[in-house]
Amino acid sequence: MDKAYNPTNEDQIYKKWLDSGAFTPKVPKNPKEAKLKDNPYSIILPLPNANDPMHMGHALFTIQDILVRYHRMLGQPTLWLPGGDHAGIETQFVFEKKLQKEGKSRFDFDRKTLYKMIWDFVEENRKLNQFQMKKLGFSMDWTRYHYSLEEPIVKNVLATFKKLYKDGLVYRDEKIVNYCTHCGTAFSNLEVDHKTVNSHLWYIKYGPLTVATTRPETMLGDTAIAVNPKDKRYKDLIGKKILLPLVNREIPVISEDSIDIEFGTGAVKVTPSHSPEDYDMAKKHNLEFIRIIDFDGRANINVPEKYRGLFPNQLRQAVIDDLTAANLIEKIEDYTHEVGHCYRCGRPIEPITAPQWYVKIDALAKPTIKAAQDNQVKFFPTRFKKSFITWMENIRDWNISRQIVWGPQIPAWYCLDCNPGIKLNFLDKNKQVISAFYSELKGKYSVEEIKNGLQTLVAPVTADFIIDETDHCPKCKSASLIQETDTFDTWFLSGQWPLSTLGFNTEDPSKSSPDFDYFYPTTVMDTLWDILFFWVARMTMFGLYLTGDVPFKTVHLHSKVTDAKGQKMSKSKGNVVNPLDMTEKYGTDALRMSLVYGIAPASDFVVSEDKIRAQRNFVNKIWNASRFVEMLIDRLNPSKISLDIDKSKLTKADKDILDKLNKIIASTTKNLNNYRFGQVSEDLYQFFWKDFCDVYIESAKDRGEETIPVLLTVLTTSLKLLHPFVPFVTEEIYQYLIEKYNFKHELLVSSKWPTNEF
RNA sequence: GAGUCUAUAGCUCAGUUGGUUAGAGCGCUUCGUUGACAUCGAAGAGGUCAGAGGUUCGAGUCCUCUUAGACUCACCA
C-alpha cells in the first residue's frame with residue numbers, strides 16, 4: 001500500500017459498483033405482495049436542472065447516498081432514482097441571457113425554432129451533470145434515469161391535466177397575475193420576492209376629494225374611488241360620480257369596509273386591472289376593468305395618446321408632471337413599502353389582469369393537509385410540519401400557465417374561426433413580427449403561415465377551447481385550430497415526478513409499471529427546505545390526487561451550504577465553490593465527509609477548504625491505519641489469518657476496543673435511522689481515530705499474533721460503518737484486504753451492515 | 001403584518017428524551033516522532049454556554065421576558 005491515500009482509483013471503483021449491479025434493484029414478479037415482505041427502500045432524487053453544472057447544493061445529495069448505501073447494506077432492495085429537469089423558466093432565462101450576448105432576443109425566433117435551440121443547449125449540459133454526480137460517488141440507478149421532457153413523462157403529465165379538467169379542477173380566468181414584463185410571463189405568488197422599496201405617497205386631488213397612492217401612473221386605469229362608510233368626511237359622496245383627472249372619465253365613489261380611515265386621506269383610488277386588492281373590490285362592486293399596461297410592459301392601451309408606449313416609470317413621471325402642472329398634487333410624503341419583484345430577473349412585478357389557466361386547489365389541498373397532520377408524511381426536522389400545514393391552509397388556486405416556450409404546451413386548442421378575438425404574435429414569411437387579432441389577419445395570412453411563425457397567442461378568457469386534439473372544430477368544422485402557446489409551470493410537471501419516473505399511468509393506473517407497485521410510496525424525500533412549498537407540496541397533492549397515496553413517507557429537509565460569510569452561494573455573487581474542484585484536490589471522500597460532519601439538521605453551514613482538508617486527513621488516517629495493520633501482520637507472519645475472535649484469550653485492550661465497537665455500531669445504526677448524520681460522522685471519526693488508532697493500534701504494537709483477529713475485525717467493521725460516508729477509500733481498502741488475505745469475495749457496497757455481536 | 005430559526009473556546013460549529021470536571025476541527029503554546037500516518041503523536045492555554053427571571057434535587061438543554069441577527073410567508077392604498 002502507498003504511504004498516503006491517493007484517490008486515483010475512484011473511477012475504477014465506481015465502475016466496479018456499476019458492473020456489479022448493486023445500484024439496480026430487481027423488482028420481483030409479484031411486486032405488490034413482495035413489497036410487504038421485502039420492505040424496499042427508495043429515494044427519488046430532487047431532479048437537478050439539466051442545464052446547471054454542479055454546485056455545493058448538489059453535493060449535498062451525499063445525504064441521500066448515505067441513506068441508500070446504509071439501507072442497501074441492511075439488505076433492503078434499494079432504489080435511488082436520478083433525473084434531470086428541463087427547468088422551464090430557469091433555463092429559458094439562462095438561454096435568453098446567452099442570446100442577449102449574441103445580440104439576439106427571443107423575439108427574433110418563432111417558438112418552434114426557439115424550442116429547438118434551447119433543447120440543444122440543454123443537451124450539451126445534461127451529460128455533464130450526470131458525469132458529475134458519478135464523480136461524487138452517488139449510488140444512483142442510472143438504468144432508471146429520467147429526463148423531464150421524455151415523451152412518456154410528458155404524455156403522462158398531459159394526461160393528468162386532462163383528468164383535472166374532466167374532474168372540473170381546471171379553469172381559465174382573467175385575474176390579476178404577477179406578470180414580469182421583462183420575462184414575458186406570469187408567475188405564481190411563490191415566484192415573487194417582496195423587497196422593501198423607499199418610495200413616496202402622492203396625494204392627488206380628485207375633484208372634491210384627495211387620494212393617496214404609491215402608484216400615481218395607474219390612475220389612468222382607475223374605475224372608482226373607495227371610502228370607508230364610517231368615514232364622516234366622505235359619507236355624502238358615496239354613490240356619486242367624480243371626474244378622473246387627466247382622462248376626464250367619470251368614476252363612482254364606492255363604500256368599502258376594508259378601507260383604513262386613518263391611512264392617507266381615507267380615500268383610495270381603485271385600479272382593478274393593476275392592483276390585487278382593487279381587483280377584489282372591483283369583483284365585489286362590479287366595477288369596470290381598464291388595463292393600461294400591456295404585456296410588453298408599456299402603456300399601450302386605454303390611455304390618452306400622449307402616454308402611449310411609455311414604460312411604467314416613464315408614465316409615472318409624465319403623469320406627475322401633468323398633475324403638477326394642473327396643480328392637482330396636494331403633497332408628497334416619503335413612504336416605504338414592500339414591492340413584488342421577479343425572482344428570476346429581479347425587476348418589479350407588474351400586477352396585470354390576464355387570462356391564465358388555473359387549478360382549483362381546495363380539492364387537492366385538503367387531503368394533503370390531512371396527510372401531514374396524520375403523519376402519513378412525516379417531517380424531519382419536525383418543525384417544518386407546522387409551516388407546511390399553515391402554507392397549505394392558505395393556499396390559493398394555482399396558476400399553472402407560463403408564457404414561455406421552454407416546456408410542454410398546455411394541450412388545449414382554439415378554433416380561430418370561432419374565436420376571432422384571439423391575438424396572435426408571429427413571424428411572417430419575411431421574418432417580420434406581426435401582432436394582431438385573428439379577425440384582422442384572416443384572409444391576409446394563411447393559418448399555416450401563422451402557425452409556422454407563431455410566437456405567442458393570447459386568447460380572450462371567453463374563448464372556447466378543446467382539450468382533446470382533433471382535426472376539426474366540433475362546432476363549426478373549421479380546420480383552423482391552433483394550440484394554446486402557454487406552457488406548464490415547471491412545478492406542474494415536476495410535481496408529478498415520483499409518479500412519472502416510477503411508471504405510474506395516469507390514464508389507466510392498472511397499467512402502471514411494476515416499479516410503481518414495488519417502490520411507491522417512496523421512503524424518503526430529501527431536499528432543501530426552500531422548495532418545500534414549490535415542490536414537496538405539489539408532489540404530495542398530485543400523489544394523493546392520482547393514487548390516493550402519499551409520494552413519500554418522510555420528508556427530510558437538509559441544510560443550505562453557504563460561503564464563509566454565511567451568504568448563499570450563487571453565480572451572481574461569484575462565491576460558488578465548485579465541488580468538483582474540491583474532489584480533485586482532496587478526493588471525493590474528503591468532500592463528502594466535510595458536508596455532513598458535525599452538521600445540525602437543517603441549519604445552514606459553511607463549507608470551507610479548511611474543513612475539507614481536515615477530512616482529507618481523516619481519510620488518510622483510515623488508509624494508514626489499514627496500512628499499519630497490513631505491515632504488522634506481515635511482520636508477525638502468522639500461520640493463519642482469520643477474523644475469528646477467541647473470546648477466552650482477550651486482553652483488557654481487546655475487550656475495551658470491542659466494547660467500543662459494539663457501542664459505535666449501535667449508535668451509528670440508531671442515529672442513521674434518525675437522520676442524525678452530523679452526529680454519526682463525528683462519532684465514527686472519534687472512534688476510529690482516537691479509540692482505534694491512538695489507543696488500540698498503539699497497544700497492538702507490542703503484541704503477538706493473537707491481536708490480529710481483533711485488529712482485522714475492528715478494521716473491517718469500521719470500514720463498513722464508514723462506507724456510506726467515505727465509500728471510495730473504504731471500498732479500496734476492503735478489496736485490498738480481501739485479495740491479500742483471501743477472505744470471502746464481496747464488494748463493500750453490497751456487504752452486510754454490522755450488528756453489535758462482538 | 002404573521003411565523004420560524006439562531007446566539008456555546010480566537011474562528012467555524014457539534015452537544016436527541018434536562019444528569020457526573022461543556023466537546024470537535026482549524027488556529028495558538030510546549031514537547032516528541034530516523035518503521036503506519038510531517039496528511040503524525042503527547043500535553044496545554046482558552047468558554048460565568050447573549051442578558052434577566054422562573055420550573056427542578058439538578059438547566060447549555062424546559063418556560064417567560066429582553067437584546068442582537070438570519071430567514072420564510074404575506075394583495076393593504
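A note on names: the letters A, B, ... follow the listed sequences, proteins ahead of strands, and every chain is numbered from 1.
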| said: Say we look at B/rU29 and B/rU48: how far apart would their C1' atoms be, to the nearest angstrom? | reply: 25 Å
| message | Taking the minimum atom-to-atom distance to the side chain of A/Phe628, which one of B/rA74, B/rC40, B/rA36 wins? | response | B/rA36
| said: For B/rU4 and A/Lys386 - does any side-chain N or O of the residue sit under 4.0 Å from the phosphate oxygens OP1/OP2? | reply: yes
| said: Between A/Tyr685 and A/Lys670, which residue's closest nucleotide on RNA chain B lies nearer the 5′ terminus? | reply: A/Lys670
| field | Plane angle bin for A/His337 and A/Tyr335 - parallel if under 30°, tilted between 30 and 60°, otherwise perpendicular | value | tilted
| said: Judged by each residue's nearest nucleotide on RNA chain B, which is more toward the 5′ side, A/Arg383 or A/Glu698? | reply: A/Arg383
| task | Find the distance A/Phe533:CZ to B/rA2:C1' and express it as a whole number of Å. | result | 13 Å
| task | Establish whether the base of B/rA36 is bridged to the side chain of A/Glu630 by a donor-acceptor pair shorter than 3.5 Å. | result | no
| said: Using the C1' atom as the point on both nucleotides, what is the distance between B/rU56 and B/rA9, in whole Å? | reply: 29 Å
| request: Please check if atom NZ in A/Lys284 has more than 12 non-hydrogen atoms from other residues, nucleotides or ligands closer than 6.0 Å. | output: yes
| query | Is there a ring-ring contact (aromatic ring centres under 6.0 Å, His included) between A/Tyr343 and A/His341 once you walk through the steps? | reply | CA-CA 6 Å; A/Tyr343 87 117; A/His341 287 72; over 10 Å; no
| field | Inter-nucleotide P distance (B/rA59, B/rU12), Å rounded | value | 29 Å
| remark: In whole angstroms, the gap separating C1' of B/rA24 from CD1 of A/Ile599 amounts to 12 Å
| Rounded to the nearest Å, what distance is computed from the CH2 atom of residue A/Trp529 to the C1' atom of nucleotide B/rG3? | 13 Å
| task | Using atom NZ of A/Lys690 as one end and atom C1' of B/rA42 as the other, report the distance to the nearest whole Å. | result | 10 Å
| said: Quick check on B/rC37: is either OP1 or OP2 less than 4.0 Å from any side-chain nitrogen or oxygen of A/Lys3? | reply: yes
| Starting at CD of A/Glu682 and ending at C1' of B/rA14, how long is that distance when rounded to a whole Å? | 4 Å
| said: Using 30° and 60° as the class boundaries, would you call the ring planes of A/Phe687 and A/Phe692 parallel, tilted or perpendicular? | reply: parallel
| Closest to the A/Lys701 side chain, choosing from B/rA36, B/rU39, B/rG25 | B/rA36
| Where the side chain of A/Asn620 is concerned, which of B/rG25, B/rG15, B/rU39 is the nearest nucleotide? | B/rU39
| Which nucleotide in B/rA36, B/rC73, B/rU39 has an atom nearest any side-chain atom of A/Ala625 | B/rA36
| said: In whole Å, measure the gap between the C1' atoms of B/rA68 and B/rG15 for me. | reply: 23 Å
| query | When A/His556 is tested against each of A/Phe384, A/Phe677, A/Trp529 for ring pair (Phe, Tyr, Trp, His ring centres under 6.0 Å), which residue passes? | reply | A/Phe677
| query | Is it true that a side-chain atom of A/Lys611 and a backbone atom of A/Tyr597 form a donor plus acceptor pair closer than 3.5 Å? | reply | yes
| request: Using the P atom as the reference point in each nucleotide, state the distance between B/rU33 and B/rC37 in Å, no decimals. | output: 15 Å
| message | Taking pairing as Watson-Crick or G-U wobble with both contacts under 3.5 Å, can you name the mate of B/rU61, or confirm there isn't one? | response | none
| query | Which value, in whole Å, describes the distance between the P atoms of nucleotides B/rA50 and B/rA14? | reply | 14 Å
| Heavy atoms of other groups near A/Lys230 NZ, more than 12 under 6.0 Å | no
| query | Which listed nucleotide (B/rC26, B/rC37, B/rA14) is nearest to the side chain of A/Gln679? | reply | B/rA14
| query | Nearest of B/rU16, B/rA36, B/rG15 to any side-chain atom of A/Lys621? | reply | B/rA36
| query | A/Asn617 side chain N/O closer than 4.0 Å to the phosphate oxygens (OP1, OP2) of B/rC40? | reply | yes
| On a whole-Å scale, what distance lies between the C1' atoms belonging to B/rA38 and B/rG32? | 12 Å
| task | Please state how far atom CG in A/Asn624 lies from atom C1' in B/rG35, giving the value in whole angstrom units. | result | 12 Å
| Considering only side-chain heavy atoms of A/Gln686, which listed nucleotide, B/rA74, B/rC26, B/rA24, is closest? | B/rA24
| remark: Whole-Å distance, A/Lys611 NZ to B/rC13 P, equals 9 Å
| message | From CE of A/Met593 over to C1' of B/rA24, roughly how many Å is that when rounded to an integer? | response | 12 Å
